[in-house]
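Structure first, commentary second.
Fair warning: this is a prediction, and the values are worked out from it, not measured in the lab. Below, chains carry the letters A, B, ... as their sequence lines are ordered, and counting in each starts from 1.
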There are 2 protein chains.
Amino acid sequence: MTRKRDKKRANLRDVARAAEVSVATVSRVLNTPDVVQKKTREKVEKVIAELGFHPSAAARAINSGRTKIIGALIPTLDSDIFAITIDAIESRLGDFGFSLVVATTGEDPDVEAARARELLDIGVEGLFFPGIHHSQELYDLLDRTKVPTIAISYFDATFAYPTIGYDNREAARLALDHLLDLGHRRIAVVHGPKDHNDRTRARVTGASTQRSGTELAFFETDLSVAGGAKAARDAMKQPTEFDAYLCTSDTQAFGAIFELQRAGIQVPNDVSVMGLHDLPSAQYVNPSLSTIELPVREMGTLAAESLARWVEKDVRPAPVCLPSQLRARASTARKEN
Amino acid sequence: MTRKRDKKRANLRDVARAAEVSVATVSRVLNTPDVVQKKTREKVEKVIAELGFHPSAAARAINSGRTKIIGALIPTLDSDIFAITIDAIESRLGDFGFSLVVATTGEDPDVEAARARELLDIGVEGLFFPGIHHSQELYDLLDRTKVPTIAISYFDATFAYPTIGYDNREAARLALDHLLDLGHRRIAVVHGPKDHNDRTRARVTGASTQRSGTELAFFETDLSVAGGAKAARDAMKQPTEFDAYLCTSDTQAFGAIFELQRAGIQVPNDVSVMGLHDLPSAQYVNPSLSTIELPVREMGTLAAESLARWVEKDVRPAPVCLPSQLRARASTARKEN
DNA sequence: ATGAAAGCGCTAACAG
DNA sequence: CTGTTAGCGCTTTCAT
């Protein structure tokens, strides 16, 4: 009757009592097992198993300051590129015992700062965000909290936080060069919204040239298959007849190819199309998509490892620029005379 | 010199001291502002702002049991379908003040149970998982912790936890019926791994029929464009000449279409191809993909609302079956004689 | 190697 | 409406 066994979950004290040791000892077998005598440790471990005891993360957090949670700010999960990156990050983080909480920002700096604050309130020990363009509010927040933060999908060795990504400008330039090498001169550059998106801006810069004899037209559209299709539709309405389309994202390139083909235009005979990313499906479309490979999965894995190490061992990672490279496939061809 | 202002972050006591009130009052303006006198409240709020005070989530969690964190167990983020669903869930959850921590399981029940335990240890107040096939270990865990849990992407009114999803069997049957209606009889059914995946199994069941005169062949392959392409390659090697391909996922359908076209086979003239999902790009491929629409985004939004309400107001949601429907497009056509 | 005890920052009775 | 106080479950000195 008077038994007070209505407790929901066993706690340290329960274990200590059952194992006939002190709470400190139980805490030790949990955190520094090697420092407690084998016999004692085994007994405690046995009791822990019997009671199905699991330490409370909150209580641990309040004492040690450790939450084992990492946060990621991302524009959207609804996009192949980010989904792959986050998948890689989450997966690798798991190996280090970290959990990942994601917060989507819709590419809005104010929303981003607000969501960052939420993550920080939760007690994330580390943070990822894309690129280097963020609100002052967010920077202030990070300054104050000193939370290890890594910028991904971008490379800039001078940025206040380590960047682990690729050179978006260079990647786009590789794409442009490929098209120029093939003899194309009138090029439609299809890109996503530049607003608040430094990755896109860098790509657009890389896809620009002053080279005489070239004629570039820029089409800003949604970062989706639908967006690529729309851009192609718009481009076809123009007086200029383009030799090639340079899409700064594979997703848009798919849309462009589909729309061009629908209009009876042959790729690459009539027009060449380039993407950027090398998504898994790039080699399967017809024609297979020439693109620039961006090692997003490797990036995610590396970024996760780096942040885990930073948080765990206080070693701030150096910026890393992963190589992007040309994947010339069937959607681009030499310009016919 | 002797100032002990080296504290990292202001805490309740600091605020209380500065505002010349008790910690209880500060706690009240944080949690039940209406219960404290306007003048006092304003003063406290002012101090809170000045000190840049933010309550510790861990400390709050340890006392109130509330973490405002929801967990999601998913096979992978690296897949359009799950990415869209999670995007919707995260987004809607944010409106309710919840954060989302994701854990990927790779479709392995043991990994799933292990990751679930991690989430529970963190103190998630609610949980999502896909379908109704899980390890006993996970069920025991949920039984013990009583954490509100919703199964998504599946519908089964009799399941121990509320399901919010769609009828996978019915969706696949709709697809099959469409092909049968068009006169196709020899059908290649392309599906993902059935192991540990009740969604896929239900779809395969729905895509099966005993109807005489029909000839079904099943191809299990990866849930990817590459997988779809491979299945098509395998199917073309068979002695049977298929009238149609029924892919239980759009992603695979894309791969199948690409591969068939590559082999010089016309879709839908030579062979019809159906997908399932209605991914955003389905209407853009050539030919546009006939498919069954699965309302994944709506599902995510609804699931998030339902779980938030369950956690917050203790109202357990009723199971919901969202309607799937035929989207007949250009990749399917009546069988020529 | 182990235990006792002092908190961590906050919430929640209980008084007043 | 506000203050006092007792914990929540754990980590961490400091002794022993």
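- Within the helix from C:dA1-D:dT16 to C:dG16-D:dC1, the inter-axis angle between the opening and closing five-pair segments is 30°, rounded to 10°.
- Distance CG (B:Asn11) to P (C:dT11): 12 Å, rounded to an integer number of Å.
- Comparing D:dT2, D:dT11, C:dG3 by their closest approach to the side chain of A:Val23 singles out D:dT11.
- Listed for the B:Thr25 side chain is no donor-acceptor partner under 3.5 Å among the backbone atoms of B:Val21.
- For B:Glu305 (side chain) and B:Arg92 (main-chain N/O), no donor-acceptor pair under 3.5 Å exists by modelled atom type.
- Remark: side-chain polar atoms of A:Glu107 are not paired, donor with acceptor, to backbone N or O of A:Pro75 under 3.5 angstrom.
- Between A:Asp34 atom CG and C:dT2 atom C1' there is a gap of 15 Å when expressed in whole angstrom units.
- Note: NE2 (B:His54) to C1' (C:dC8) measures 19 Å, nearest angstrom.
- Ring planes of A:His134 and A:Phe159: tilted class, angle from 30 to 60°.
- A:Thr25 has no side-chain polar atom (N or O) that falls below the 4.0 Å cut-off from OP1 or OP2 of C:dA1.
- Phosphate proximity of D:dC10 to A:Ser56: absent, as no side-chain N or O sits under 4.0 Å from OP1 or OP2.
- Between the C1' atom of C:dG9 and the CZ atom of B:Phe53 lies a distance of 8 Å, rounded to the nearest Å.
- Within the 4.0 Å cut-off from OP1 or OP2 of C:dG3, at least one side-chain nitrogen or oxygen of A:Ser22 is found.
- Under the 3.5 Å distance criterion, the side-chain polar atoms of B:Asp121 are left unmatched by any main-chain donor or acceptor of A:Ala57.
- For the OP1/OP2 pair of C:dT2 and a distance below 4.0 Å, the side-chain nitrogens and oxygens of A:Thr40 include at least one atom meeting the criterion.
- When A:Val102, A:Thr104, A:Ile74 are each tested for a side-chain contact (heavy atoms from CB on, under 4.5 Å) with B:Asp87, only one passes: A:Thr104.
- For the pair A:Ser27 and D:dC10, the criterion of a side-chain N or O lying under 4.0 Å from OP1 or OP2 is not met.
- Taking atom CD on B:Glu20 and atom C1' on D:dT2, their separation rounds to 14 Å, with Å as the unit.
- A donor-acceptor pair is defined here as one N or O able to donate and one able to accept, closer than 3.5 Å; such a pair exists between the side chain of A:Ser135 and the backbone of A:Leu138.
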Show the distances under 3.5 angstrom between N or O atoms of the protein and N or O atoms of nucleotides 14-16 of chain D.
none

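- Atoms CG (A:Leu51) and P (D:dG9) sit 14 Å apart, rounded to a whole Å.
- Residue A:Val35 has its side chain nearest to C:dA1 when only C:dG3, C:dC10, C:dA1 are considered.
- Shortest non-hydrogen contact noted between B:Leu142 and B:Thr149 is CD2-OG1, 3.6 Å.
- Remark: A:Asp140 pairs with no residue by the salt bridge (Lys or Arg N to Asp or Glu O under 4.0 Å) rule, at least two apart or across chains.
- The stretch residues 118-125 of chain A does not touch DNA chain C, since none of its heavy atoms comes less than 4.0 Å from the strand.
- Contact check on B:Asp314 versus B:Arg309 returns no salt bridge, with no Lys/Arg side-chain nitrogen under 4.0 Å from an Asp/Glu carboxylate oxygen.
- Remark on DNA chain D: of its neighbouring residues B:Ala24 and A:Asn31, the 5'-side contact belongs to B:Ala24, judged by nearest-heavy-atom nucleotide.
- Ring geometry for A:Phe129 versus A:Tyr161: interplanar angle over 60°, hence perpendicular rather than tilted (30 to 60°).
- To the nearest angstrom, C1' of C:dT2 lies 14 Å from NZ of A:Lys43.
- Within 4.0 Å of B:Val21, counting heavy atoms only, lie sugar-phosphate atoms of the nucleic acid but no base atom.
- Listed for the B:Ser56 side chain is a donor-acceptor partner under 3.5 Å among the backbone atoms of B:Ala59.
- For the ring-ring contact (aromatic ring centres under 6.0 Å, His included) test, no residue two or more places apart in sequence or in another chain qualifies with A:Phe82.
- For B:Thr163 (side chain) and B:Asp156 (main-chain N/O), a donor-acceptor pair under 3.5 Å exists by modelled atom type.
- Distance alone, capped at 3.5 Å, places no donor-acceptor pair between the B:Glu112 side chain and the B:Thr105 backbone.
- When the C1' atom of D:dC8 is taken as reference, atom CG of B:Leu12 falls 15 Å away, rounded to whole Å.
- Contact check of residues 57-67 of chain A against DNA chain C (heavy atom, cut-off under 4.0 Å) returns A:Ile62, A:Asn63.
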